[in-house]
Q: 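First, the structure itself, so that you have it in front of you.
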Protein chains: 2
Amino acid sequence: MQKTKRLLAIETIISEEKISTQEELLRKLKGKGISCTQATLSRNLRQLGVGRIPNGIGGYKYSLPEKIRSSEKSPLRLNIVPVIQDIVEANGLMVIKTIPGNASNTAFFIDGTARYEIAGTIAGDDTILVIPRDGVTIQQVHTCLEIILPGIHEQIKKK
Amino acid sequence: MQKTKRLLAIETIISEEKISTQEELLRKLKGKGISCTQATLSRNLRQLGVGRIPNGIGGYKYSLPEKIRSSEKSPLRLNIVPVIQDIVEANGLMVIKTIPGNASNTAFFIDGTARYEIAGTIAGDDTILVIPRDGVTIQQVHTCLEIILPGIHEQIKKK
DNA sequence: AAAATAAATGCATAAATATGCAAAAAACAA
DNA sequence: TTGTTTTTTGCATATTTATGCATTTATTTT
């Protein structure tokens with residue numbers, strides 16, 4: 001299905017650049033090989049909870065819902081990054097290893113971001129199973145992680 | 001000038017009810033004896049930073065900018081309400097009395113809400129001078145306070 | 001006060017966004 | 001698979017929102 005991929009791309013584009021009209025977003029999507037009509041985009045934006053707000057300089061920009069945006073400056077985030085030890089894949093699922101006792105916090109944080117691509121998480125003591133939404137690839141989940149926890153992959157490589 | 005009153009009314013209406021189109025807001029304003037065209041409203045909403053976001057049930061609603069909204073659930077707010085001792089008026093200005101040592105915190109909170117009707121504040125140890133924006137009445141500042149610190153007047157009466 | 005400048009507003013309309021409806025695609029059931 | 005139901009999508013268009021321009025209203029300057 002085309003829709004899932006499109007929703008992911010929309011979230012990513014909006015979180016990375018200032019988009020001010022649906023037509024503009026449409027072009028960006030086309031640049032990524034995803035095409036649809038403005039009508040579909042309008043419906044998708046509503047489904048994702050994306051709002052249109054004044055940008056302070058006389059224009060407008062599309063903006064992810066607060067629960068997602070706020071995760072980017074959450075003080076929790078700063079605590080999360082250092083406890084992640086490794087990220088591996090298994091069977092279309094993603095497994096995140098943390099230092100002992102921290103899986104639950106971390107999973108809670110991930111859930112809180114409410115990213116479309118993550119259907120849910122299950123946490124033990126030091127291991128989190130991240131279940132991607134149907135049709136979402138591991139690569140896409142990696143991209144998503146990098147958005148909600150900037151620098152995370154970089155940080156793991158060093159270990 | 002009509003504009004100031006209109007901006008205040010817009011903030012108040014939007015913070016109190018779910019408004020989904022500018023035409024609807026226009027009617028509410030008319031109900032309060034304030035009338036203008038949709039064009040003016042569009043410009044005002046942009047100036048106030050008011051965004052339009054999906055309401056989760058298939059429609060849209062206008063929403064105050066985050067800095068204003070967030071003051072409503074700020075943990076700070078809960079600490080602020082109990083320290084306010086009295087609110088009196090003098091000379092078109094408003095004077096807020098707090099318990100000793102708390103004027104500065106409280107003024108900081110009020111500033112943070114960035115309400116249009118308040119031009120600024122000056123705080124001593126237990127006294128805050130609230131300076132209304134030009135054209136704003138004390139009554140309007142009271143209404144504003146009630147919005148950013150719900151229950152505040154009620155609470156003072158009891159003292 | 002009168003003139004000059006800036007700000008606010010309405011009107012008409014352009015631009016942008018949402019939606020009813022029918023077609024296509026996908027998911028599901030027998 | 002084949003038929004049935006649900007979801008997604010595009011098209012055309014209605015609805016909603018933004019804006020250029022002329023006018024009025026307010027503010028500042030001389």
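Throughout, protein chains are lettered first and strands after them, A, B, ... in sequence-line order, and every chain is numbered starting at 1.
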Q: Starting the side chain at C-beta, find the nucleotide from D/dA18, D/dT19, D/dT8 nearest to B/A39.
A: D/dT19
Q: If the condition is salt bridge (charged side-chain N to carboxylate O under 4.0 Å, His left out), which residues does A/E17 pass it with, not counting sequence neighbours?
A: A/K28
Q: Can you tell me the distance, in whole Å, between the NZ atom of A/K3 and the P atom of D/dG10?
A: 12 Å
Q: Tell me if the side-chain of B/Q38 makes a donor-acceptor pair with the base of D/dA18, cut-off 3.5 Å, by modelled atom types.
A: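 Per atom types, the contact qualifies.
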Q: Distance check needed: D/dT8 P versus A/Q47 CD, whole Å only.
A: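 A/Q47 atom CD is separated from D/dT8 atom P by 7 Å.
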Q: Report the end-to-end axis angle of the helix from C/dA1-D/dT30 to C/dA30-D/dT1; each axis comes from five terminal pairs, and the value is rounded to 10°.
A: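 Rounded to the nearest 10 degrees, the bend comes out at 40°.
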Q: Would you kindly compare B/N44 and B/R52 by the position of their nearest DNA chain C nucleotide and give the one closer to the 5′ end?
A: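 Per heavy-atom nearest nucleotide, the more 5' residue is B/N44.
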Q: Using OP1 and OP2 only, check whether a side-chain N or O of B/S42 sits under 4.0 Å from D/dA18.
A: yes
Q: Can you tell me the distance, in whole Å, between the OH atom of B/Y60 and the P atom of D/dT15?
A: 16 Å
Q: Does B/T37 place a side-chain N or O at less than 4.0 Å from the phosphate oxygens OP1/OP2 of C/dG10?
A: yes
Q: Expressed in angstrom and rounded to an integer, what is the separation of A/K61 atom NZ from C/dT17 atom P?
A: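 Checked: the NZ to P distance equals 15 Å.
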Q: Which parts of residues 23-35 of chain B get close to DNA chain D, meaning a heavy atom less than 4.0 angstrom away?
A: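 Heavy-atom contacts with DNA chain D come from no residue of residues 23-35 of chain B; none.
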Q: Does OP1 or OP2 of D/dA18 have a side-chain N or O of B/R43 closer than 4.0 Å?
A: no
Q: Name the closest nucleotide to the A/T40 side chain, picking from D/dT9, C/dT9, C/dT17.
A: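 The answer is D/dT9, which lies nearest to the side chain.
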Q: Rounded off to whole Å, could you give me the CD-to-C1' distance for the A/Q22 and D/dT17 pair?
A: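 Distance check: A/Q22 CD to D/dT17 C1' gives 12 Å.
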Q: Just by modelled atom types, is the A/A103 backbone N or O under 3.5 Å from a matching donor or acceptor in the A/T98 side chain?
A: yes
Q: Does the side chain of A/Y62 get closer than 4.0 angstrom to OP1 or OP2 of C/dT17 through an N or O atom?
A: yes
